[in-house]
Number of protein chains: 2
Amino acid sequence: MLSKKCKYAIHALVYLAERYQQGPVHIQEIAERQHIPKKFLEAILLELRNAKVLNSKKGKGGGYYLFKKPEDVNLIEIIRLMDGAIAMLPCVSLNYYEPCEECRDEKTCGIRDSFLGVRDETLKILRESTLAKIVKREKALSKK
Amino acid sequence: MLSKKCKYAIHALVYLAERYQQGPVHIQEIAERQHIPKKFLEAILLELRNAKVLNSKKGKGGGYYLFKKPEDVNLIEIIRLMDGAIAMLPCVSLNYYEPCEECRDEKTCGIRDSFLGVRDETLKILRESTLAKIVKREKALSKK
DNA sequence: TTTAATGTCTATTAAATCTATAGACTTATT
DNA sequence: AATAAGTCTATAGATTTAATAGACATTAAA
């Protein structure tokens, strides 16, 4: 399961994607509208800023805004930043690889293959899930 | 990521699947061979027993053995028993469904779809990953 | 029938992680 | 100068995970 932090991040980013190129939005507003504890959200947005997904403007009239284009931010990137590995086992993780302690020999491990498959399929879907597509989908669904 | 408990369970079950219908194997042996803390393993095997995946024999010469057929135990079942939901969001979970707190309206949520897709692909692969197949794969790999 | 080997069960502890909050500091605008 | 923002460090509380301890129950064999 994704952590709350990660879910908060996704919701905040979608919110900002809907307001792309409309100037900075302040934390308070995002927190209220998305029901996210403000202080927690602060830490999240800061991380996303340091990762250059967001940018911010300080001082009066300041706030956060999407730095990358909505079509260039996908769920893989967000999840990795917030929760770390996407794979279900460390030994099949691309970005957070670690040998499995429990495994005596990775090469002859019959378990890995399944999780390699899961990882690949998961990445395939999450890679295609950009903020742009999510916003588009949201609009399409609410028009029905 | 899967918990250690879950990884231990998978390894223990594979070990027992390799010895299917060869009589009970005692905890001590599984613990030693798979490098699992014995007391922790006890709790795990007990849960698997209560779920009728394993069965046990008490007393001298006792131990655990696979109750279901190796081809009838897949990774979905094991993961659900040990770690709970497989989906990345509660709102797309089949067995552990809960509405997302962060979501104002599930019907118009543009995020769900992606995770629904991930869940379906994940289940598809894990459903096919039975103990029988894992053991078979293991043997094939070690012959190379 | 005793003994030893084994699983069963309840409780507890230690460590790690997740979630949330507090408060002082910095920067930009008016 | 005053005010409205974000930045940063620290920490507290809650929850979950991992591991351990010890008393109890059952079975088989001696």
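The chains referred to below are lettered A, B, ... by the order of the sequence lines, with proteins before strands, and numbering in each begins at 1.
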Discussion item. Could you work out, with side-chain hydrogen bond (donor to acceptor under 3.5 Å, both in side chains) as the rule, every residue matching A/Lys136, not counting sequence neighbours?
Written reply: none
Worksheet item: Does the side chain of B/Gln21 pick up a donor-acceptor pair with the side chain of B/Tyr65 at under 3.5 Å?
Response: no
Discussion item. Nearest whole Å is fine: how far is D/dA19 C1' from B/Ile44 CD1?
Written reply: 10 Å
Worksheet item: Whole Å only: how far is the NZ atom of A/Lys4 from the P atom of D/dT16?
Response: 11 Å
Worksheet item: With B/Tyr8, which residues qualify under ring pair (Phe, Tyr, Trp, His ring centres under 6.0 Å), at least two apart?
Response: B/Phe40
Worksheet item: Residues in side-chain hydrogen bond (donor to acceptor under 3.5 Å, both in side chains) with B/Arg49, at least two apart?
Response: B/Ser56
Nucleotides 9-12 of chain C: which of its N/O atoms have a protein N/O under 3.5 Å away?
{"residue": "C/dC9", "atom": "N4", "partner": "B/Glu42", "partner atom": "OE1", "Å": "3.2"}

Discussion item. Suppose we screen for side-chain contact (heavy atoms from CB on, under 4.5 Å). Which residues come up paired with B/Ser142, at least two apart in sequence or across chains?
Written reply: A/Thr108
Worksheet item: Do A/Arg19 and A/Tyr15 meet the cation-pi criteria used here (NZ or CZ under 6.0 Å from the six-membered ring centre, within 45° of the axis)?
Response: yes
Item to complete: Could I get the full list of side-chain contact (heavy atoms from CB on, under 4.5 Å) partners for A/Gln28, not counting sequence neighbours?
Response: A/His26, A/Glu32, A/Lys38
Item to complete: Kindly state which residues belonging to residues 72-98 of chain B come within less than 4.0 angstrom of DNA chain D, counting heavy atoms of the residue only, listed by number.
Response: none
Worksheet item: Between atom CZ in B/Phe40 and atom P in C/dT13, what is the gap in whole Å?
Response: 18 Å
Item to complete: Could you tell me whether A/Lys38 contacts a base, only the sugar-phosphate backbone, or nothing, with contacts defined as non-hydrogen atoms closer than 4.0 Å?
Response: nothing
Practice prompt. Can you sort out which residues in residues 12-32 of chain B have a heavy atom within less than 4.0 Å of DNA chain D? Ascending by number, please.
Written response: none
Practice prompt. To the nearest 0.5 angstrom, please state how far the NZ atom of A/Lys7 sits from the SG atom of B/Cys100.
Written response: 4.5 Å
Discussion item. Going by salt bridge (Lys or Arg N to Asp or Glu O under 4.0 Å), name the residues that satisfy it together with A/Lys60, two or more places apart in sequence or in a different chain.
Written reply: none
Fill in: Listed partners of B/Ala12 passing side-chain contact (heavy atoms from CB on, under 4.5 Å), at least two apart
B/Ile30, B/Leu41, B/Leu45
Fill in: Matching residue for B/Leu13 among B/Leu48, B/Val135, B/Ile134 - test: side chain to side chain contact (heavy atoms under 4.5 Å, CB included)
B/Leu48
Worksheet entry | With A/Glu77 via side-chain contact (heavy atoms from CB on, under 4.5 Å) - residues at least two apart | A/Val53, A/Lys68, A/Val73, A/Asn74, A/Leu81
Discussion item. Taking the minimum atom-to-atom distance to the side chain of A/Tyr8, which one of C/dG7, C/dA20, C/dT19 wins?
Written reply: C/dA20
Worksheet item: How many Å lie between CE on A/Met1 and C1' on C/dC18, as a whole number?
Response: 15 Å
Worksheet item: When rounded to the nearest 0.5 angstrom, what is the spacing between CD1 in B/Ile27 and CG in B/Leu46?
Response: 8.0 Å
Worksheet item: Over how many whole Å does the gap from A/Leu45 atom CG to D/dG6 atom P extend?
Response: 8 Å
Worksheet item: What integer distance in Å separates A/Leu41:CG from C/dT19:C1'?
Response: 13 Å
Worksheet item: OP1 or OP2 of D/dA18 sitting under 4.0 Å from any side-chain N/O of B/Ser3?
Response: yes
Item to complete: To the nearest 0.5 Å, tell me how far A/Met1 CE sits from A/Cys6 SG.
Response: 12.5 Å
Produce the list of close N/O pairs, under 3.5 Å, pairing protein atoms with atoms of nucleotides 25-30 of chain C; give distances to one decimal.
{"residue": "C/dT29", "atom": "OP1", "partner": "A/Lys57", "partner atom": "NZ", "Å": "3.3"}

